[in-house]
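To start, the structure itself, in structure tokens.
Just so we're on the same page: letters track the sequence lines, and every chain starts at 1.
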Amino acid sequence: MANPYTRAPPLGSGSSKALGDKDPFYGWLPRRINAEQVQKAMAGDVNPFTKQPHSAQYKKILETRKKLPVFAQMSEFLRMFSDNQIIVMVGETGSGKTTQIPQFVCYSDLPHTKGKLIACTQPRRVAAMSVAKRVADEMDMPLGKQVGYSIRFEDMTEPGTTFLKYMTDGMLLREAMNDPDLTRYSTIILDEAHERTLATDILMGLLKALARRRADLKIIVMSATLDALKFQKYFSVSKGGEPAPLFKVPGRTHPVEVFYTQDPEPDYVEAAIRTVLMIHRAEEPGDILLFLTGEEEIEDACKKIKLEADDLLNQDPDSVGPLVCIPLYSSLPPQQQQRIFDPAPTPRMPDGPPGRKIVISTNIAETSLTIDGIVYVVDPGFSKQRVYNPRIRVDSLLVSPISKASAQQRAGRAGRTRPGKCFRLYTERDFMKELEEQTHPEILRSNLANTVLELVKLGIKDLVKFDYVDAPAPETLMRALELLNYLAALDDDGNLTPLGAIMADFPLDPQMAKMLIVSPEFNCSNEILTIVAMLSVPNVWLRPPNQRKEADAAKAMLTVPDGDHLTLMNVYNNYQQNSHDRGWAWNNYLSQRALQQADNVRSQLQRNMERFEIDLVTTADPKRLHMNVRQALVCGFFMQVGHKEGEKGQYFTVKDNQVVNLHPSCGLDNQPEWVIFNEFVLTTKPYIRTVTDVRPEWLLEYAPNYFDLSSFPDGTETKRALQRIANKRSRKNAPPESSSNGKGDRPSKRAKKAY
DNA sequence: GAGCACTGC
């Protein structure tokens with residue numbers, strides 16, 4: 001056979017007639033391609049990848065592509081790509097990097113000639129989908145053929161045809177778990193690396209090691225300017241040697257003038273409202289984007305601004321135009337989110353002062369959503385950030401100052417369509433001296449139980465020595481290892497157990513994966529599957545401010561008094577029985593969107609169960625079914641137990657002895673002595689949320705290692721209570737329920753032993 | 001008697 005590189009094989013719909021002997025790739029040598037070759041191929045009449053004639057549309061799009069800053073540097077890029085295994089690339093907003101660089105790579109790498117793919121990862125699903133669509137158009141191909149995307153629940157690729165795949169970072173990480181060498185890929189592009197999502201961080205560590213094993217793999221890390229040097233050093237080719245080369249492309253945005261306050265503002269919401277109204281009165285036409293921290297703050301500010309703006313309009317209708325306030329946060333239904341794209345209101349009278357639109361948004365407008373036409377940004381300098389405290393194992397959301405990088409990103413939102421202004425509600429000194437350079441990457445702010453299990457499954461032996469871009473706190477790793485060991489996912493030496501290997505394959509927190517896998521032993525895997533799905537989606541309960549009573553009453557109708565987990569199950573079952581009816585969900589103050597998602601997650605998990613031959617079983621007798629479900633819950637959540645002390649209903653977490661309260665949303669009709677909880681949240685008080693009544697015997701029985709009383713701090717009421725139960729049990733000298741194994745409905749003997 | 005920054009598998 002001739003050199004395979006002299007002639008690209010015809011692809012998919014390619015017809016040899018159209019091709020003739022004019023294959024635009026004829027004689028091309030992969031990874032040794034220059035810009036002249038590519039330009040010529042792009043300008044040709046025949047699409048070199050499909051061998052079809054180019055459409056008129058294609059030529060049009062090509063002209064606009066040529067105006068992108070990155071296009072002018074194609075030659076430089078191709079040279080750098082030829083000469084290096086790893087490149088760090090910086091491309092500011094509007095450079096065209098996300099759409100163009102992967103295409104340049106296609107022309108140079110010619111992945112289709114070797115049956116490989118180019119991957120380009122994105123932190124968000126919508127981005128992966130929309131960019132893939134755009135690039136498919138640019139390359140004159142139907143989406144899902146040569147160019148596709150892959151996100152959870154949706155694989156828009158065609159095996160054997162697709163050679164450029166946009167995907168979420170989490171998706172590529174999943175693939176790595178089953179193929180640590182990522183052999184299908186010839187080039188991997190990590191886009192938006194500066195966002196430092198957990199998945200991107202882990203991928204960077206994996207790819208750095210993989211680059212040594214696979215000399216044929218090329219890697220491109222794309223980021224914002226501030227982080228480039230850090231990545232260059234991290235990906236230095238030789239140990240302590242040269243940093244990875246940098247490819248830099250200017251952006252194409254308009255200048256944004258930044259203003260600071262003279263003095264610190266004591267009340268940033270009040271200051272923000274004042275600033276917005278000042279802009280409305282005094283500045284040229286143009287829409288405003290105000291960043292606040294959460295739903296309540298946003299809705300509140302919306303009302304206040306509206307009131308004040310209406311006053312202004314009435315007082316001075318000749319110089320002040322109408323103003324419309326639009327809230328934006330993730331839990332808003334998509335339809336309402338769309339309002340941010342509405343045009344500004346029209347003047348009240350012909351020739352009157354023009355109207356203005358103000359969007360008041362959480363961080364969602366910083367990265368996930370771009371709104372065109374914004375000219376003014378008001379930035380109070382705060383956002384809610386997730387923090388994880390490994391000492392007490394609690395996740396919380398804290399309003400914290402943003403980073404410099406974040407502030408710059410926010411300011412940039414004012415310059416997308418024309419020159420803009422950004423009003424920072426803090427002093428220049430604070431910006432320079434007080435703000436951190438970067439937002440702490442997620443890996444430093446999260447519970448890593450899931451990540452650690454993934455890393456072990458990926459074959460990483462020593463988690464502490466893993467080459468992280470930023471290493472997590474050792475205590476966070478310890479907490480994760482400890483949890484996984486108690487769940488029997490890792491043995492005492494930190495090796496993956498067969499159970500752990502299966503757990504890692506479920507897109508779930510380890511606790512939930514564990515209880516799902518063991519649930520057939522309790523004859524309730526059907527129910528646990530539902531509960532796990534419901535726990536994996538956003539809150540299903542709606543509570544509109546003016547209909548709280550009605551919403552609470554509707555919830556009470558669906559509540560199961562034995563526990564919130566059972567209530568969730570009941571909600572899902574009712575949703576099914578009412579054939580996913582939108583009206584039913586609406587009448588019961590439930591989020592149809594969340595229920596639909598739960599349904600989706602449930603099917604995906606069910607497919608995973610089938611792959612591992614985990615039976616889907618249930619128990620006929622409803623009373624016994626509830627008992628069985630509650631026991632299965634213990635198998636996953638035995639480390640999240642609350643014990644009531646005293647009559648006041650004060651709960652203490654087991655072992656950590658933290659004081660916690662039942663969350664007001666809890667549906668229990670009494671205060672059981674022992675409960676398991678799904679989450680521990682720190683808001684106005686420490687709360688445990690999604691709570692179920694359990695029996696202490698179950699704790700001792702299904703989690704004997706964790707409930708080894710010698711490991712408990714002495715002198716606590718919890719320990720004494722458990723000791724009493726243990727004594728009673730040993731007197732009986734037989735497990736109380738498994739001995740009477742008359743009906744198949746009861747937990748089997750094996751369940752007792754294994755867990 | 002309270003909340004839900006945002007993403008992802």
Q.
What's A:R124 touching, base or sugar-phosphate or nothing? Going by heavy atoms closer than 4.0 Å.
A. sugar-phosphate

Applied to residues 537-547 of chain A, the side chain to side chain donor-acceptor pair (under 3.5 Å) test, sequence neighbours excluded, yields A:R543-A:D552, A:Q547-A:Y589

Exercise for review: Mind checking A:T168 for me? I need base, sugar-phosphate or nothing, with any heavy atom below 4.0 Å counting as a touch.
Suggested key: sugar-phosphate

Of A:R445 and A:F153, the one whose nearest nucleotide on DNA chain B sits closer to the 5' end is A:R445

Sorted by chain and number, sequence neighbours left out, ring pair (Phe, Tyr, Trp, His ring centres under 6.0 Å) with A:F466 holds for A:Y468

Looking only at heavy atoms, the pair that brings A:H565 and A:T690 closest together is CE1-O, 3.4 Å

Checklist entry - Heavy atoms under 4.0 Å, any strand shown: does A:N363 hit a base, just sugar-phosphate, or nothing? => result nothing

Residues at least two apart in sequence or cross-chain that pass side chain to side chain contact (heavy atoms under 4.5 Å, CB included) with A:K133, listed by chain then number, are A:D137, A:L143

Report task. For A:R689, report the nucleic acid contact type (base, sugar-phosphate, nothing); a contact means any heavy atom under 4.0 Å. Result -> sugar-phosphate

The side chain to side chain contact (heavy atoms under 4.5 Å, CB included) partners of A:S400 (sequence neighbours excluded) come to A:Q385, A:L398

Result for 5'-nearest mapping on DNA chain B, choosing between A:G294 and A:S536, is A:G294

Counting any heavy atom closer than 4.0 Å, what does A:I151 reach on the DNA or RNA strands: base, sugar-phosphate only, or nothing?
-> sugar-phosphate

Quick one: label A:S383 by what it contacts on the DNA or RNA (base, sugar-phosphate, nothing), any heavy atom closer than 4.0 Å.
nothing

So the contacted stretch of DNA chain B, first to last nucleotide with an atom under 4.0 Å from a non-hydrogen atom of chain A, runs from B:dG1 to B:dC9

For the residue pair A:R445 and A:Y388, would you count it as a cation-pi contact if the rule is NZ or CZ under 6.0 angstrom from the ring centre and within 45 degrees of the ring axis? no

Note to self: Heavy atoms only, 4.0 Å cut-off, all strands: where does A:R543 land among base, sugar-phosphate and nothing?
What the structure shows: base

Residue set satisfying salt bridge (charged side-chain N to carboxylate O under 4.0 Å, His left out) with A:E195, at least two apart, ordered chain then number -> A:R124

Exercise. Select base, sugar-phosphate, or nothing to describe what A:Y687 touches, counting heavy atoms under 4.0 Å on all strands.
Key: sugar-phosphate

- Message: Over all strands shown, is A:Q385 touching base, sugar-phosphate only, or nothing at heavy-atom distances under 4.0 angstrom?
- Response: nothing

